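Worksheet: one structure, shown below.
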Amino acid sequence: MTGSLFDLSDRVALVTGSTRGIGAVLADGLAAAGATVVLHGRDAATLETRRAELVAQVGAERVHTTCFDVTDHDAVVGALAELADRTGGVDVLVNNAGVQHREPLLEVSVENFQKVLATNLTAPFLVGREVARGMVERGRGKIINIGSVQSELARPTIGPYTAAKGGVRNLTRAMAAEWAGSGVQVNAIAPGYLETAMTAALVADETFDAWLRGRTPAGRWGTPQDVVGPVVWLASAGSDYVSGQTIYVDGGMTVVV
Ligand code: NDP
(Lines give C-alpha, C1' and ligand atoms only; values in the text may rest on other atoms or scores of the structure.)
Protein backbone atom coordinates (compact mmCIF):
# COMPACT_ATOMS: atom_id res chain seq x y z
CA MET A 1 0.00 0.00 0.00
CA THR A 2 3.08 2.24 0.04
CA GLY A 3 2.50 5.55 -1.75
CA SER A 4 -1.28 5.23 -1.68
CA LEU A 5 -3.66 7.59 0.13
CA PHE A 6 -4.12 4.85 2.72
CA ASP A 7 -0.43 4.17 3.38
CA LEU A 8 0.40 4.27 7.11
CA SER A 9 4.08 3.41 6.86
CA ASP A 10 5.42 6.42 8.78
CA ARG A 11 2.68 6.34 11.43
CA VAL A 12 2.67 5.09 15.04
CA ALA A 13 -0.76 3.65 15.88
CA LEU A 14 -1.93 2.83 19.44
CA VAL A 15 -4.97 0.55 19.76
CA THR A 16 -6.36 0.29 23.30
CA GLY A 17 -7.61 -3.16 24.26
CA SER A 18 -5.67 -4.91 21.50
CA THR A 19 -4.89 -8.12 23.41
CA ARG A 20 -7.95 -9.79 21.90
CA GLY A 21 -11.24 -9.31 20.06
CA ILE A 22 -11.77 -6.38 17.70
CA GLY A 23 -8.74 -4.45 18.97
CA ALA A 24 -6.35 -7.30 18.14
CA VAL A 25 -7.69 -7.52 14.58
CA LEU A 26 -7.55 -3.72 14.15
CA ALA A 27 -3.92 -3.68 15.32
CA ASP A 28 -3.05 -6.38 12.77
CA GLY A 29 -4.89 -4.44 10.05
CA LEU A 30 -3.09 -1.18 10.81
CA ALA A 31 0.24 -3.05 10.78
CA ALA A 32 -0.66 -4.57 7.40
CA ALA A 33 -1.29 -1.02 6.12
CA GLY A 34 2.28 -0.16 7.14
CA ALA A 35 1.88 1.36 10.62
CA THR A 36 4.16 0.79 13.58
CA VAL A 37 1.70 -0.58 16.11
CA VAL A 38 1.47 -0.16 19.88
CA LEU A 39 -0.42 -3.07 21.43
CA HIS A 40 -2.21 -2.34 24.71
CA GLY A 41 -3.87 -4.27 27.52
CA ARG A 42 -3.85 -4.77 31.27
CA ASP A 43 -2.02 -8.09 31.45
CA ALA A 44 1.72 -8.04 30.65
CA ALA A 45 1.94 -11.77 29.84
CA THR A 46 -0.98 -11.65 27.38
CA LEU A 47 0.52 -8.55 25.78
CA GLU A 48 3.85 -10.32 25.32
CA THR A 49 2.13 -13.26 23.58
CA ARG A 50 0.34 -10.87 21.20
CA ARG A 51 3.57 -8.95 20.61
CA ALA A 52 5.40 -12.13 19.60
CA GLU A 53 2.59 -13.03 17.15
CA LEU A 54 2.70 -9.62 15.44
CA VAL A 55 6.50 -9.45 15.44
CA ALA A 56 6.49 -12.72 13.47
CA GLN A 57 4.47 -10.91 10.78
CA VAL A 58 6.01 -7.43 10.59
CA GLY A 59 9.28 -7.48 12.58
CA ALA A 60 10.22 -6.29 16.07
CA GLU A 61 10.95 -2.67 15.12
CA ARG A 62 7.29 -2.11 14.16
CA VAL A 63 5.68 -3.49 17.33
CA HIS A 64 5.56 -1.82 20.76
CA THR A 65 3.49 -2.59 23.84
CA THR A 66 2.08 -0.52 26.68
CA CYS A 67 0.30 -1.86 29.76
CA PHE A 68 -2.19 0.18 31.80
CA ASP A 69 -5.78 0.36 33.00
CA VAL A 70 -7.61 2.92 30.84
CA THR A 71 -9.79 3.96 33.79
CA ASP A 72 -6.78 4.92 35.97
CA HIS A 73 -6.01 8.56 35.22
CA ASP A 74 -2.50 8.61 36.71
CA ALA A 75 -1.58 5.37 34.93
CA VAL A 76 -2.85 6.79 31.61
CA VAL A 77 -0.81 9.99 31.96
CA GLY A 78 2.37 8.16 33.02
CA ALA A 79 2.19 5.43 30.37
CA LEU A 80 1.45 7.82 27.51
CA ALA A 81 4.30 10.16 28.48
CA GLU A 82 6.68 7.18 28.52
CA LEU A 83 5.28 5.95 25.18
CA ALA A 84 5.76 9.37 23.57
CA ASP A 85 9.42 9.35 24.65
CA ARG A 86 9.90 5.81 23.34
CA THR A 87 8.17 6.20 19.96
CA GLY A 88 8.38 9.92 19.20
CA GLY A 89 4.61 10.29 19.64
CA VAL A 90 1.38 8.55 18.68
CA ASP A 91 -0.01 9.54 15.23
CA VAL A 92 -3.12 7.34 15.32
CA LEU A 93 -5.16 6.42 18.40
CA VAL A 94 -7.94 3.86 18.31
CA ASN A 95 -9.97 4.10 21.54
CA ASN A 96 -11.23 0.51 21.45
CA ALA A 97 -11.09 -0.89 25.02
CA GLY A 98 -14.59 -1.48 26.31
CA VAL A 99 -16.79 -3.58 28.58
CA GLN A 100 -20.40 -4.71 28.57
CA HIS A 101 -22.76 -5.28 31.52
CA ARG A 102 -26.16 -6.90 30.96
CA GLU A 103 -28.81 -6.16 33.59
CA PRO A 104 -32.14 -4.28 33.56
CA LEU A 105 -31.88 -0.63 34.58
CA LEU A 106 -34.19 -1.20 37.58
CA GLU A 107 -31.61 -3.62 39.00
CA VAL A 108 -28.21 -2.33 37.91
CA SER A 109 -26.02 -1.00 40.74
CA VAL A 110 -24.51 2.47 40.66
CA GLU A 111 -21.06 0.81 40.77
CA ASN A 112 -21.74 -1.24 37.63
CA PHE A 113 -23.25 1.75 35.83
CA GLN A 114 -20.18 3.82 36.64
CA LYS A 115 -17.75 1.04 35.69
CA VAL A 116 -19.26 0.85 32.19
CA LEU A 117 -19.14 4.63 31.84
CA ALA A 118 -15.56 4.81 33.15
CA THR A 119 -14.28 2.25 30.63
CA ASN A 120 -16.39 3.10 27.57
CA LEU A 121 -16.73 6.89 27.84
CA THR A 122 -14.38 8.49 30.40
CA ALA A 123 -11.39 6.44 29.22
CA PRO A 124 -11.61 7.59 25.56
CA PHE A 125 -11.61 11.13 26.95
CA LEU A 126 -8.59 10.48 29.23
CA VAL A 127 -6.51 8.57 26.68
CA GLY A 128 -7.65 10.80 23.81
CA ARG A 129 -6.73 13.97 25.67
CA GLU A 130 -3.22 12.78 26.60
CA VAL A 131 -2.51 11.63 23.05
CA ALA A 132 -4.06 14.79 21.57
CA ARG A 133 -1.64 17.03 23.48
CA GLY A 134 1.22 15.75 21.28
CA MET A 135 -0.92 15.67 18.13
CA VAL A 136 -1.99 19.30 18.54
CA GLU A 137 1.65 20.29 19.11
CA ARG A 138 2.74 18.48 15.92
CA GLY A 139 -0.31 19.74 13.97
CA ARG A 140 -1.27 16.24 12.86
CA GLY A 141 -3.13 13.21 14.21
CA LYS A 142 -6.05 10.80 13.93
CA ILE A 143 -8.28 9.65 16.77
CA ILE A 144 -10.83 6.92 16.12
CA ASN A 145 -13.30 6.21 18.92
CA ILE A 146 -15.08 2.87 18.81
CA GLY A 147 -18.81 3.35 19.33
CA SER A 148 -21.54 0.83 18.61
CA VAL A 149 -25.03 0.66 17.14
CA GLN A 150 -25.90 1.58 20.74
CA SER A 151 -24.44 5.03 19.94
CA GLU A 152 -27.75 5.42 18.05
CA LEU A 153 -30.21 2.78 19.29
CA ALA A 154 -31.28 1.38 22.65
CA ARG A 155 -32.01 -2.20 23.62
CA PRO A 156 -33.28 -3.53 26.96
CA THR A 157 -30.75 -4.79 29.55
CA ILE A 158 -27.74 -2.81 28.31
CA GLY A 159 -28.64 0.67 29.59
CA PRO A 160 -25.19 1.65 30.93
CA TYR A 161 -23.52 0.60 27.67
CA THR A 162 -26.14 2.48 25.62
CA ALA A 163 -25.59 5.63 27.70
CA ALA A 164 -21.82 5.35 27.34
CA LYS A 165 -21.78 4.62 23.60
CA GLY A 166 -24.24 7.47 22.95
CA GLY A 167 -21.77 9.63 24.85
CA VAL A 168 -18.92 8.41 22.64
CA ARG A 169 -20.75 9.81 19.62
CA ASN A 170 -20.94 13.29 21.14
CA LEU A 171 -17.46 13.10 22.73
CA THR A 172 -16.23 12.52 19.16
CA ARG A 173 -17.99 15.69 18.03
CA ALA A 174 -16.62 17.64 21.02
CA MET A 175 -13.05 16.51 20.32
CA ALA A 176 -13.43 17.36 16.62
CA ALA A 177 -14.81 20.79 17.46
CA GLU A 178 -11.75 21.61 19.55
CA TRP A 179 -8.93 19.86 17.66
CA ALA A 180 -9.84 19.83 13.95
CA GLY A 181 -8.32 23.30 13.58
CA SER A 182 -4.99 21.88 14.79
CA GLY A 183 -4.86 19.21 12.08
CA VAL A 184 -6.27 16.43 14.28
CA GLN A 185 -9.18 14.47 12.83
CA VAL A 186 -11.43 12.74 15.37
CA ASN A 187 -14.12 10.33 14.18
CA ALA A 188 -15.94 7.26 15.47
CA ILE A 189 -16.53 3.82 14.02
CA ALA A 190 -19.72 2.24 15.31
CA PRO A 191 -19.80 -1.50 14.61
CA GLY A 192 -22.95 -3.56 14.56
CA TYR A 193 -23.07 -6.94 16.25
CA LEU A 194 -19.77 -8.74 15.67
CA GLU A 195 -18.75 -12.23 16.67
CA THR A 196 -16.27 -11.76 19.55
CA ALA A 197 -15.86 -12.87 23.18
CA MET A 198 -18.14 -9.97 24.20
CA THR A 199 -21.03 -11.44 22.16
CA ALA A 200 -20.28 -15.18 22.49
CA ALA A 201 -23.38 -15.80 24.64
CA LEU A 202 -25.60 -14.00 22.10
CA VAL A 203 -24.15 -15.92 19.15
CA ALA A 204 -24.91 -19.17 20.99
CA ASP A 205 -28.49 -18.06 21.75
CA GLU A 206 -30.65 -19.37 18.87
CA THR A 207 -33.45 -16.84 19.43
CA PHE A 208 -31.08 -13.88 19.49
CA ASP A 209 -29.11 -15.22 16.52
CA ALA A 210 -32.32 -15.51 14.43
CA TRP A 211 -33.45 -12.02 15.51
CA LEU A 212 -30.07 -10.53 14.62
CA ARG A 213 -29.95 -12.08 11.16
CA GLY A 214 -33.52 -10.93 10.45
CA ARG A 215 -32.90 -7.42 11.81
CA THR A 216 -29.72 -6.87 9.76
CA PRO A 217 -30.16 -6.15 6.01
CA ALA A 218 -26.85 -7.94 5.33
CA GLY A 219 -28.39 -11.02 6.98
CA ARG A 220 -25.34 -11.99 9.03
CA TRP A 221 -23.21 -11.19 12.06
CA GLY A 222 -20.28 -8.90 11.37
CA THR A 223 -16.68 -9.91 11.93
CA PRO A 224 -13.84 -7.81 13.39
CA GLN A 225 -12.28 -7.93 9.90
CA ASP A 226 -15.29 -5.96 8.58
CA VAL A 227 -14.12 -2.99 10.70
CA VAL A 228 -10.51 -2.93 9.46
CA GLY A 229 -11.06 -1.08 6.16
CA PRO A 230 -13.02 1.82 7.70
CA VAL A 231 -10.43 2.18 10.49
CA VAL A 232 -7.49 2.17 8.06
CA TRP A 233 -9.29 4.83 6.01
CA LEU A 234 -9.91 7.04 9.08
CA ALA A 235 -6.26 6.54 10.16
CA SER A 236 -4.95 7.62 6.76
CA ALA A 237 -4.55 10.81 4.73
CA GLY A 238 -7.56 9.60 2.73
CA SER A 239 -9.84 11.02 5.45
CA ASP A 240 -8.10 14.36 6.13
CA TYR A 241 -11.32 16.41 5.68
CA VAL A 242 -13.56 14.05 7.70
CA SER A 243 -14.15 15.30 11.27
CA GLY A 244 -16.57 14.46 14.07
CA GLN A 245 -18.44 11.75 12.14
CA THR A 246 -19.74 8.44 13.44
CA ILE A 247 -19.57 5.81 10.71
CA TYR A 248 -21.86 2.80 11.24
CA VAL A 249 -20.32 -0.48 10.13
CA ASP A 250 -23.39 -2.59 10.81
CA GLY A 251 -24.60 -4.36 7.67
CA GLY A 252 -27.33 -1.71 7.43
CA MET A 253 -28.92 -2.34 10.85
CA THR A 254 -29.32 1.33 11.78
CA VAL A 255 -30.98 2.37 8.51
CA VAL A 256 -34.01 0.06 8.75
CA VAL A 257 -36.83 -0.52 11.26
P1 NDP B 1 -13.38 -7.83 24.16
O2 NDP B 1 -14.06 -8.04 25.48
O3 NDP B 1 -13.11 -9.03 23.30
O4 NDP B 1 -11.99 -7.06 24.39
C5 NDP B 1 -11.97 -5.90 25.17
C6 NDP B 1 -10.56 -5.35 25.24
O7 NDP B 1 -10.60 -4.18 26.05
C8 NDP B 1 -9.57 -6.31 25.86
O9 NDP B 1 -8.32 -6.19 25.23
C10 NDP B 1 -9.49 -5.80 27.31
O11 NDP B 1 -8.23 -6.04 27.91
C12 NDP B 1 -9.63 -4.30 27.09
N13 NDP B 1 -10.09 -3.63 28.31
C14 NDP B 1 -11.29 -3.71 28.92
N15 NDP B 1 -11.30 -2.95 30.02
C16 NDP B 1 -10.09 -2.37 30.10
C17 NDP B 1 -9.47 -1.48 31.02
N18 NDP B 1 -10.12 -1.00 32.11
N19 NDP B 1 -8.19 -1.07 30.80
C20 NDP B 1 -7.51 -1.54 29.73
N21 NDP B 1 -8.02 -2.40 28.83
C22 NDP B 1 -9.30 -2.80 29.02
O23 NDP B 1 -14.28 -6.76 23.41
P24 NDP B 1 -14.60 -6.55 21.84
O25 NDP B 1 -13.38 -6.80 21.03
O26 NDP B 1 -15.84 -7.28 21.51
O27 NDP B 1 -14.96 -4.98 21.83
C28 NDP B 1 -13.99 -3.99 21.55
C29 NDP B 1 -14.72 -2.66 21.38
O30 NDP B 1 -15.69 -2.75 20.35
C31 NDP B 1 -15.47 -2.20 22.64
O32 NDP B 1 -15.38 -0.81 22.75
C33 NDP B 1 -16.89 -2.62 22.34
O34 NDP B 1 -17.83 -1.85 23.05
C35 NDP B 1 -16.96 -2.35 20.86
N36 NDP B 1 -18.01 -3.08 20.13
C37 NDP B 1 -18.06 -4.44 20.16
C38 NDP B 1 -19.05 -5.07 19.43
C39 NDP B 1 -19.16 -6.56 19.40
O40 NDP B 1 -20.12 -7.06 18.79
N41 NDP B 1 -18.27 -7.31 20.00
C42 NDP B 1 -20.03 -4.33 18.62
C43 NDP B 1 -19.85 -2.90 18.68
C44 NDP B 1 -18.87 -2.32 19.40
P45 NDP B 1 -8.02 -7.15 29.05
O46 NDP B 1 -7.51 -8.33 28.31
O47 NDP B 1 -7.01 -6.52 29.96
O48 NDP B 1 -9.36 -7.39 29.71
Side-chain angles (χ1 to χ4, degrees), residues 8 10-19 22-24 26-27 30-31 35-44 47 50-51 62-99 114-147 151 164-165 167-189 231 234-236 239-240 242-246:
L8 301 179
D10 60 345
R11 303 290 195 265
V12 174
L14 164 62
V15 183
T16 66
S18 42
T19 49
I22 298 169
L26 294 181
L30 289 164
T36 292
V37 166
V38 184
L39 300 169
H40 162 266
R42 281 175 294 190
D43 181 64
L47 260 180
R50 274 290 297 143
R51 193 189 73 85
R62 283 182 47 212
V63 187
H64 294 262
T65 60
T66 185
C67 192
F68 59 89
D69 184 327
V70 293
T71 66
D72 179 340
H73 181 233
D74 291 343
V76 168
V77 172
L80 292 176
E82 185 278 328
L83 185 64
D85 287 346
R86 186 161 30 117
T87 62
V90 171
D91 302 296
V92 176
L93 166 66
V94 184
N95 269 318
N96 165 80
V99 289
Q114 285 176 337
K115 181 185 169 199
V116 173
L117 251 71
T119 311
N120 294 356
L121 180 57
T122 310
F125 155 64
L126 292 177
V127 178
R129 180 170 70 170
E130 289 316 304
V131 169
R133 293 187 201 284
M135 291 176 170
V136 166
E137 208 173 281
R138 292 190 297 277
R140 186 183 90 176
K142 304 278 187 178
I143 297 178
I144 302 154
N145 296 321
I146 301 298
S151 296
K165 291 296 188 183
V168 166
R169 183 178 178 186
N170 256 8
L171 174 67
T172 301
R173 289 171 167 153
M175 288 172 156
E178 295 201 17
W179 302 334
S182 302
V184 179
Q185 288 85 50
V186 186
N187 292 286
I189 291 290
V231 164
L234 286 179
S236 75
S239 60
D240 277 355
V242 182
S243 274
Q245 300 302 314
T246 294

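Because only heavy atoms are used, hydrogens play no part in the values below, and waters and symmetry mates are left out as well, while side chains stay in. Quantities reported herein were computed from a predicted structural model and do not represent experimental measurements.
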Does any part of the side chain of Asn187, heavy atoms only, come nearer than 4.5 Å to the side chain of Met175, both counted from C-beta? no

If you define the side chain from C-beta out and look only at heavy atoms, does anything of Thr19 sit under 4.5 Å from Leu47? yes

Check: Lys165 main-chain N/O paired with Ser151 side-chain donor or acceptor under 3.5 Å: yes

Does the side chain of Val63 come within less than 4.5 Å of Val37's, by heavy atoms? no

Donor-acceptor contact below 3.5 Å, side chain Arg62 vs main chain Ala31: yes

Point-to-point distance, once rounded to the nearest 0.5 Å, from CZ of Arg42 to SG of Cys67: 9.5 Å

Out of Thr246, Ile189, Val168, which one pairs with Asn145 under the side chain to side chain contact (heavy atoms under 4.5 Å, CB included) rule? Val168

Could you tell me which non-hydrogen atom of Gly244 sits nearest to which non-hydrogen atom of Arg173, and how far apart they are? O-CG, 3.6 Å

Beyond-backbone contact of His40 with Val70, side-chain heavy atoms, under 4.5 angstrom: yes

Within the distance-only criterion (no hydrogens, no angle test), does the side chain of Asn96 pair as donor or acceptor with the backbone N or O of Ile146 below 3.5 angstrom? no

For Val127 and Phe68, the nearest pair of non-hydrogen atoms, with its separation, is CG2-CE1, 4.3 Å

If I take atom CG from residue Leu14 and atom CD1 from residue Ile143, how far apart are they, to the nearest 0.5 angstrom? 10.5 Å

Side chain Lys142, main chain Val94, donor-acceptor under 3.5 Å: no

Between Leu234 and Gln185, is any pair of side-chain heavy atoms under 4.5 Å apart? no

Given the rule in the side-chain contact (heavy atoms from CB on, under 4.5 Å) test, do Thr16 and Leu93 qualify, once you have shown the distances and angles that lead to the verdict? CA-CA 8 Å; Thr16 66; Leu93 166 66; 4.2 Å; yes

Tabulate below the donor-acceptor pairs under 3.5 Å that side-chain atoms of residues 79-91 make, not counting sequence neighbours, or state none.
residue	atom	partner	partner atom	Å
Glu82	OE1	Arg86	NH2	3.0
Glu82	OE2	Arg86	NE	2.9
Arg86	NH1	Thr65	O	3.2
Arg86	NH2	Thr65	O	3.0
Thr87	OG1	Leu83	O	2.8
Thr87	OG1	Gly89	N	3.2
Asp91	OD1	Arg140	NH2	3.1
Asp91	OD2	Val12	N	2.7

If you apply the rule side-chain contact (heavy atoms from CB on, under 4.5 Å), what do you find for Leu26 with Ser18, and how did you get there? CA-CA 8 Å; Leu26 294 181; Ser18 42; over 6 Å; no

Kindly determine whether His64 and Thr36 satisfy side-chain contact (heavy atoms from CB on, under 4.5 Å), including the steps that lead there. CA-CA 8 Å; His64 294 262; Thr36 292; 3.7 Å; yes

Rounded to the nearest 0.5 Å, the CG atom of Leu121 sits from the OG1 atom of Thr71 at a distance of 13.0 Å

Evaluate the side-chain contact (heavy atoms from CB on, under 4.5 Å) criterion for residues Val15 and Val231: first the C-alpha distance (whole Å), next the side-chain angles of each, then the deciding distance (0.1 Å), finally the verdict. CA-CA 11 Å; Val15 183; Val231 164; over 6 Å; no

Quick check: does any side chain N or O of Ser243 sit under 3.5 Å from a backbone N or O of Ala176, one acting as donor and the other as acceptor? no

Can you name the residues that form a side-chain hydrogen bond (donor to acceptor under 3.5 Å, both in side chains) with Arg133, not counting sequence neighbours? Glu130

If you compare all heavy atoms of Arg129 against all heavy atoms of Trp179, which two are closest, and at what distance to 0.1 Å? CA-CH2, 4.0 Å

